[in-house]
Amino acid sequence: QKEVEQDPGPLSVPEGAIVSLNCTYSNSAFQYFMWYRQYSRKGPELLMYTYSSGNKEDGRFTAQVDKSSKYISLFIRDSQPSDSATYLCAMSRQGAQKLVFGQGTRLTINP
Amino acid sequence: SQTIHQWPATLVQPVGSPLSLECTVEGTSNPNLYWYRQAAGRGLQLLFYSVGIGQISSEVPQNLSASRPQDRQFILSSKKLLLSDSGFYLCAWSLVAGNSPLHFGNGTRLTVT
């Protein structure tokens, strides 16, 4: 079993829809959670960084962490074609120098 | 602000040829540095990371090596490339304190022919 599971998709939704992207994990020691966006032929870009449980909002993006269920989510409101990309979740333990990444979900927003 | 530079953006090399990919970071001191490989449609595979000059940790035994000759310079090398070395190579940095997020360069797409 992988430490972090992420559905690779592809996921295709119409413009303006609310998008929900998810990751599950098995290591209860994970405390730091990140979401990255990667456009084709580019490096991943940090979108959200959260610690422990709870929600964090930044514009149209909301990151949610449920440590009791070992489940994290990224919500995108009012999705735009420019949101079309691969989204990767990542997480780490306290004091860790390395992140554990999900496989990434490929998302397409259709105009 | 911090920036990361990675070059070249694209590289086509024949099997058996050497490889040298370079990555530099500006605007921070003593960063942690990382090399990842991303195969088409697959996730990120950590190859090497470094917490200081001359300190290299290898994650996956393979045909590649890494070096950190200066504080903000990280080099990925191979003496003889294999077809299986083709992929998208990404350099990243983070603050030396644990649990800092990674910041990636724009990658090098390597095709070994």
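Chain A is the first sequence line, chain B the second, and so forth, proteins listed ahead of strands; every chain is numbered from 1. Small disclaimer: the values here were computed from a predicted structure and weren't measured.
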Is a donor on one side and an acceptor on the other found under 3.5 Å between the side chain of [X] and the backbone of [Y]?
| X | Y | answer |
| --- | --- | --- |
| A/Q6 | A/G104 | yes |
| A/S53 | A/K67 | yes |
| B/R109 | B/G87 | no |

Q: Mind running side chain to side chain donor-acceptor pair (under 3.5 Å) on B/Q38 and B/Q45 for me, showing each step along the way?
A: CA-CA 6 Å; B/Q38 188 175 37; B/Q45 180 187 32; over 6 Å; no
Q: Flag the one option from A/M91, A/E45, A/R41, A/R106 with the top tally of heavy-atom pairs under 4.5 Å to chain B.
A: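 Sorted descending by pairs with chain B, the first entry is A/R41.
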Q. If contact means a heavy atom pair closer than 4.5 Å, which residues of residues 76-89 of chain A contact chain B?
A.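 The list, in residue order, reads A/L88.
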Q.
I'd like to check B/L110 versus B/L81 (side-chain heavy atoms, cut-off strictly below 4.5 Å). Are they in contact?
A.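 Yes, close enough: below the 4.5 Å cut-off.
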Q | chain A interface, residue from B/L46, B/V51, B/L44 that has the most non-hydrogen pairs under 4.5 Å | A |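 Among the listed options, the one with the most contacts to chain A is B/L44.
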**Q.** Close aromatic pair by centroid cut-off 6.0 Å: A/F101 and A/Y36
**A.**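 Yes, they do, as the ring centres are separated by less than 6.0 Å.
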Q) Which answer fits B/L90, side chain, backbone, both or neither, if we ask what part of it has an atom under 4.5 Å from a heavy atom of chain A? A)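 For B/L90, side-chain heavy atoms alone lie under 4.5 Å from chain A.
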Q.
Could you tell me if B/S50 and B/R68 have a donor-acceptor pair between their side chains, going purely by distance under 3.5 Å?
A.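 The answer is yes; a qualifying pair exists.
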